[in-house]
Amino acid sequence: MENKISVVRKEHFNCAHRLHNNDWTDEQNKSFYGKCNNPNYHGHNYNLEVTITGELNKESGYLIDMKVLSKIMKEEVLTPFDHKNLNLDVPDFKELIPTAENISIVIYNKLANKLDSKFNIKIKLYETERNSVIYPA
Ligand code: NI
C-alpha cells in the first residue's frame, strides 16, 4: 500500500446544452433550471480533471503511461463532446439531462470501460470556475 499513488490529467472542452426534464411543465423547468433551461441552448467551457490512483509500477516508475491516458480521454470524451450540442449530438444524453453531475458520471463510465480495473478513477468536472462536480464522491 505504500506505493499507492495518484496522477491527474487535465483536459478542456466546450459544449452546448439545455437542462430540461420532459416530465415537468415548461413553467416548472424554467423556474427550476433558470437560464440553463433556455430553449435555444447555451454553452460552457468545461475543465476536466481525471485522477487515476493505483500501485506504482516499480519497474517503469509509472502509475500509468500518460500518453495512454491522454489517448483514451481524447477518444472517449474530447472527440465525442468537444464543440457539440450534448442534447442533440451525443447519444448518451438522448434520455439523460446533461447536468454537470450526469456528464461526470457518463465520463467516468466511459473511462472505466477502457482503463484496467486495477485503477481507481475519480472525475472532477468544472462547469464554471466556481462550480465543479466530483464523481464518485
Ligand atoms: Ni448550463
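Values below: all heavy atoms of this structure, side chains included; hydrogens, waters and symmetry mates excluded. Atoms within a ligand are numbered from 1 in the order they appear, just like the ligands themselves.
Tested against Glu55 for a side chain to side chain contact (heavy atoms under 4.5 Å, CB included), the candidates Leu63, Asn3, Ile5 yield a single pass: Asn3.
To the nearest 0.5 angstrom, His17 atom NE2 is 10.5 Å from Phe93 atom CZ.
At a cut-off of 2.8 Å, measuring from the Ni ion (ligand 1), the protein N, O or S atoms that fall short of it are His17 NE2, Cys36 SG, His42 NE2, His44 NE2, waters left aside.
Taking 4.5 Å as the limit, some side-chain heavy atom of Val77 sits within range of a side-chain heavy atom of Leu48.
Judged as a side chain to side chain contact (heavy atoms under 4.5 Å, CB included), and not counting sequence neighbours, the contacts of Thr79 are Lys74.
Neither Leu56 nor Val8 shares a network with the other; the hydrophobic side chains, linked directly or stepwise wherever heavy atoms of I, L, V, M, F, W or Y lie under 4.5 Å apart, form separate groups for each.
Inspection of the His12 and Asn14 side chains reveals an N or O donor paired with an N or O acceptor under 3.5 Å.
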